[in-house]
Asker: 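One structure, as structure tokens, below. Some questions next.
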Amino acid sequence: MLDLDRLRALSAVATYGSVSAAADVLHVTTSAVSQQVAKLERETGHKLLERYGRGVRLTDAAELLASHAERILAMVEAAESDLEAQRGQVVGELAVAAFPTAARGLLPPALRALGREHPRLRVCLREQEPHAAVPLAVRGEVDLAVVQDWFNVPLAIPDGLLKAAVADDIADVALPADHPLADRSVIDLGELHDDSWIAQSPGAICRDWLVHTLRSVDVEPRVDHTADEYATQLALVEAGLGAAVLPRLGRCDIPEGVRIIPVRPALTRHVYAIWRAEAARRPAIRAAVAALRASAPAQAAADPAA
């Protein structure tokens, strides 16, 4: 009978392309992965890895076995989910990924509530941007991912994943206190056509969205400064170096020299929880989604024009 841990090791090597990368994902040593694959070779009577330059590559037999392993592991996950659902208890382990502002503003109260209500559930959180979290959920490296997209740039959710809405979050614009529009109660984004911007690094979902949104109102964005932390962005805004978009979820302290102004129409992003379809019946998934929804701060979805 094929050993599941050995199949999991082979599947990880096939997915990530090397023994060391598989070891990192499985949180074991490279020696442990090599030993599992070697045992699988003896178990099957086939050579599975061969030297290729400085690394290894899968043999034809390994490619065949890895494709079966993916389906087998998915079936095992579904079986475990069904058994957990039949038991009806929120127990075991739950690996969660969340984008930074959700990890700061949403997950702490949600995890506290889960721990209080379900003490036999162990939750492990890792901070990940949506573009990284979605593949983790697809591969089953996390059981649940909290992701976001903007109202005008939806995030692609691959087949095999289910999703549930958690909250809508509003973003405002941060301006220096001496900016000509700093005393306004609401502004149109197009009014900032002459401003420079402070945004995340290229490729980040919020940076790409900002560029797309400004161009949609005939503003060609000029991003002079990049900073991934909102606290750093606000420090640059206070220094008069540009404007920045600031979501309300997980908002940090606002410096004295910064003004936060709502935008018309509202800049809204949607926060979702996603998970593999095979795990849909797990009570832990349902409990986590309910805790996330209950923990969403009311101000995250407030009307900026109110």
Side-chain angles (χ1 to χ4, degrees), residues 94-118 121 123-134 136-137 142-151 153-155 163-175 198-201 204-210 213 227-238 243-256 258-263 266-275 285 287-304 306:
L94 194 73
V96 178
F99 61 96
T101 49
R104 180 170 63 248
L106 185 59
L107 269 297
L111 297 187
R112 182 173 59 243
L114 279 173
R116 183 173 58 247
E117 297 171 18
H118 307 289
L121 177 67
V123 183
C124 298
L125 171 65
R126 56 197 289 187
E127 184 180 290
Q128 293 282 353
E129 290 286 355
H131 289 151
V134 170
L136 293 177
V142 297
D143 301 301
L144 188 76
V146 181
V147 299
Q148 58 99 358
D149 61 22
W150 293 92
F151 70 101
V153 185
L155 180 70
K163 72 175 184 178
V166 171
D168 282 348
D169 185 27
I170 300 294
D172 305 308
V173 168
L175 296 176
I198 301 156
Q200 284 84 358
S201 301
I205 189 170
C206 289
R207 164 73 170 261
D208 293 345
W209 166 82
L210 176 63
T213 302
D228 292 328
E229 293 289 339
Y230 283 113
T232 305
Q233 291 187 20
L234 290 176
L236 295 170
V237 172
E238 185 178 34
V245 170
L246 185 67
R248 297 181 183 179
L249 180 64
R251 182 169 292 182
C252 55
D253 293 337
I254 307 301
E256 184 177 342
V258 174
R259 300 293 179 265
I260 306 300
I261 305 172
V263 177
L267 302 177
T268 307
R269 62 178 181 172
H270 309 300
V271 181
Y272 304 96
I274 60 173
W275 61 93
I285 296 287
V289 172
L292 289 167
R293 286 172 167 168
S295 300
Q299 68 270 21
D303 182 359

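Sequential numbering from 1 along the given sequence is applied to the chain's residues. Computed over heavy atoms, backbone and side chain alike; hydrogens, waters and symmetry mates excluded.
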Asker: Show the nearest heavy-atom pair for residues Pro154 and Asp149, with the distance to one decimal.
Answerer: CA-OD2, 3.5 Å
Asker: Decide yes or no for Asp172 and Arg251: does some side-chain heavy atom of the first lie under 4.5 Å from some side-chain heavy atom of the second?
Answerer: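 Yes - at least one pair of side-chain heavy atoms lies under 4.5 Å apart.
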Asker: Check whether more than 12 heavy atoms from other residues, nucleotides or ligands sit under 6.0 Å from atom CD of Glu117, and answer yes or no.
Answerer: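 Enclosed: over 12 neighbouring heavy atoms sit under 6.0 Å from CD of Glu117.
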Asker: Between Glu256 and Arg259, what is the shortest heavy-atom contact and its length?
Answerer: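 So the two residues come closest at O-NH1, 2.9 Å.
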Asker: Rounded to the nearest 0.5 Å, what separation is found between the SG atom of Cys252 and the CG atom of Leu246?
Answerer: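 These two atoms lie 6.0 Å from each other.
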Asker: Working to the nearest 0.5 Å, report the span between CZ of Phe99 and CD of Glu127.
Answerer: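 If I round to the nearest 0.5 Å, the distance is 10.5 Å.
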Asker: Provide the closest heavy-atom pair for Val245 versus Ala171 in the form atom of the first, atom of the second, distance.
Answerer: CG1-CB, 3.6 Å
Asker: If the plane angle is over 60° it's perpendicular, under 30° parallel, otherwise tilted; pick one for Trp150 and Trp209.
Answerer: parallel
Asker: Let me confirm one number: the CD-CG distance from Gln148 to Leu249, rounded to the nearest 0.5 Å.
Answerer: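 The CD atom of Gln148 sits 9.5 Å away from the CG atom of Leu249.
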Asker: When rounded to the nearest 0.5 angstrom, what is the spacing between CG in Leu106 and CG in Leu292?
Answerer: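 Separation between the atoms: 5.0 Å.
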Asker: Ala199: which residues meet the side-chain contact (heavy atoms from CB on, under 4.5 Å) condition with it, sequence neighbours left out?
Answerer: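 Ala199 satisfies side-chain contact (heavy atoms from CB on, under 4.5 Å) with Arg207, Leu210, Val223 only.
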Asker: Using atom types as modelled and distance alone, determine if a side-chain donor or acceptor of Glu238 lies under 3.5 Å from a backbone N or O of Val258.
Answerer: no
Asker: Passes side-chain contact (heavy atoms from CB on, under 4.5 Å), Val289 versus Leu144? Steps please.
Answerer: CA-CA 9 Å; Val289 172; Leu144 188 76; 4.3 Å; yes
Asker: List the atom pairs, with distances to 0.1 Å, where a side-chain N or O of residues 266-275 and a protein N or O form a donor-acceptor pair under 3.5 Å, not counting sequence neighbours.
Answerer:
from   : atom 1 : to     : atom 2 : distance (Å)
Arg269 : NE     : Asp169 : OD2    : 2.9
Arg269 : NH2    : Thr101 : OG1    : 2.8
Arg269 : NH2    : Asp169 : OD2    : 3.0
His270 : ND1    : Asp168 : OD1    : 2.8

Asker: Would you check if Pro247 and Tyr230 make a side-chain contact, meaning some heavy-atom pair closer than 4.5 Å?
Answerer: yes
Asker: Just verifying a value: how many Å separate Ile254 CD1 and Ile260 CD1, rounded to the nearest 0.5 Å?
Answerer: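 Between Ile254 CD1 and Ile260 CD1, I get 4.0 Å after rounding to 0.5 Å.
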Asker: Would you name the heavy atoms of Val142 and Ala145 that are closest together and state the gap between them?
Answerer: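 Minimum heavy-atom separation between Val142 and Ala145: CG2-CB, 4.4 Å.
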Asker: Side-chain contact test, heavy atoms from C-beta onward, threshold under 4.5 Å: evaluate it for Leu175 versus Val173 and give yes or no.
Answerer: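 In contact.
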Asker: Start with the C-alpha distance between Val263 and Ile170, add both sets of side-chain angles, then the distance that settles side-chain contact (heavy atoms from CB on, under 4.5 Å), and finish with yes or no.
Answerer: CA-CA 9 Å; Val263 177; Ile170 300 294; over 6 Å; no
Asker: Say whether, by atom type as modelled, one donor and one acceptor occur between the side chain of Asp143 and the main chain of Ala95 under 3.5 angstrom.
Answerer: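 Yes.
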Asker: How close do Ala133 and Gln128 get, counting heavy atoms only, and between which atoms?
Answerer: CB-CB, 4.1 Å
Asker: Do Val153 and Ile205 make a side-chain contact, defined as non-hydrogen atoms from C-beta onward lying under 4.5 Å apart?
Answerer: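 Of all side-chain heavy-atom pairs linking Ile205 with Val153, none is under 4.5 Å.
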Asker: Show the nearest heavy-atom pair for residues Ser201 and Asp228, with the distance to one decimal.
Answerer: N-OD1, 3.0 Å
